[in-house]
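Computed over heavy atoms, backbone and side chain alike; hydrogens, waters and symmetry mates excluded. Here the structure is a predicted model, which is why all the values come from computation and not from measurement.
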Amino acid sequence: MSLVEIKNSNCKRAIILGSGVSVYEGKEPVASIPYAEIPNWPLGKVKGHKGVLDIYDDLWVLRGRAHLYEGFTWQQACFPTQFLIDHGIEELIVTNSAGGINPKFEIGDLMQITGYLDFIKPGKARGNLEALTQKTIEFQSEQLATNHHGVYVAVHGPNYESDAEVSLFRNLGADAVGMSTAPEIETAVKAGIKITAVSIITNVYGKTEDLGHEGVLAAAKSASAKLTNLLGID
Ligand code: HPA
């Protein structure tokens, strides 16, 4: 299938996979399009991201995403979601790995995102006192039977959080922290398509040691089965 043929797909549902998260592993896609072949696609290079758009009959799977900490702009991070919308996708699922701020969380738990704080978008929050009075951006989505439902705070990264940042975010009402997903949610909400977002908790502040990126990948991998079961796409 070529890029032109994508336009003929009747599929309305897509999933964007974060680091180490996998669905339809070993299932042969109808077509597999490297991001590099799609004009203007931001080519993220983070380990654990394959960088392909796999087309299945009932689902488009985006294996990997670009982050602002890799040097991409906010607009570039929004591009893949806008591409999906422009190609007829009406339901988007977004996954990511995130650090637990809520002390009740455990490694491998799933948290459905019910609202988020955006510390990524340039000019809006980063390094700006306005961020301290920022309101959680809420959005509607179907309730999944995840371990938790909570607020995601999106940060620029690539560093993890200091103790002071963790307590600040906790005081602002955040339950988990990560470096993506706000661009995708904002783009989907603006376009009025259905969006569901889930974080896999790969470390918990005050509770677990820093496992590094490899640890994040391992935790995300082990939670993938749980996630695909919940989403009904196993
Ligand atoms: N902070 C930011 N992003 C993350 C974390 C974290 O602790 N864990 C996984 N992604």
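Across every non-hydrogen atom of G99 and Y205, the tightest pair is CA-CE1, 4.3 Å. The shortest non-hydrogen separation linking V177 to Y152 is C-CE1, 4.3 Å. What you find for I85 and A188 is that their closest heavy atoms are CD1-CA, 4.3 Å. Smallest separation of non-hydrogen atoms from V61 and L59: CG2-CD2, 3.8 Å. The two residues P183 and I120 come nearest to each other via the heavy atoms CD-CD1, 4.4 Å. Residues G18 and T95 share a closest heavy-atom pair of N-OG1, 3.1 Å.
N229 places no side-chain N or O within donor-acceptor distance of the main-chain N or O of K226, the cut-off being under 3.5 Å. The backbone N or O of L144 sits less than 3.5 Å from a side-chain atom of Q112, completing a donor-acceptor pair. Under a 3.5 Å cut-off, the side chain of E37 and the backbone N or O of P34 do not form any donor-acceptor pair. Put simply, the side chain of E184 never gets that close to the backbone of C78: no donor and acceptor are under 3.5 Å apart.
The list of side chain to side chain donor-acceptor pair (under 3.5 Å) pairs with a residue in residues 96-105, not counting sequence neighbours, reads N96-T181, N96-S199, N102-D175. Among residue pairs with one or both ends in residues 88-97, those qualifying as salt bridge (charged side-chain N to carboxylate O under 4.0 Å, His left out) are R13-E91, E91-K194; sequence neighbours excluded. Sorted by first and then second residue, the salt bridge (charged side-chain N to carboxylate O under 4.0 Å, His left out) pairs involving residues 24-35 (not counting sequence neighbours) form an empty list.
Judged as a side-chain hydrogen bond (donor to acceptor under 3.5 Å, both in side chains), and not counting sequence neighbours, Q75 has no contacts. Residues passing the side-chain hydrogen bond (donor to acceptor under 3.5 Å, both in side chains) test with D54, sequence neighbours excluded: S32, R63. The side-chain hydrogen bond (donor to acceptor under 3.5 Å, both in side chains) check on D58 picks up Y24, with sequence neighbours excluded.
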Verdict with supporting geometry, F105 and H148, ring pair (Phe, Tyr, Trp, His ring centres under 6.0 Å): CA-CA 8 Å; F105 288 9; H148 314 284; 3.9 Å; yes
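Both L43 and F83 sit in one connected hydrophobic cluster of ILVMFWY residues. Membership requires side-chain heavy atoms under 4.5 Å apart, directly or through other members.
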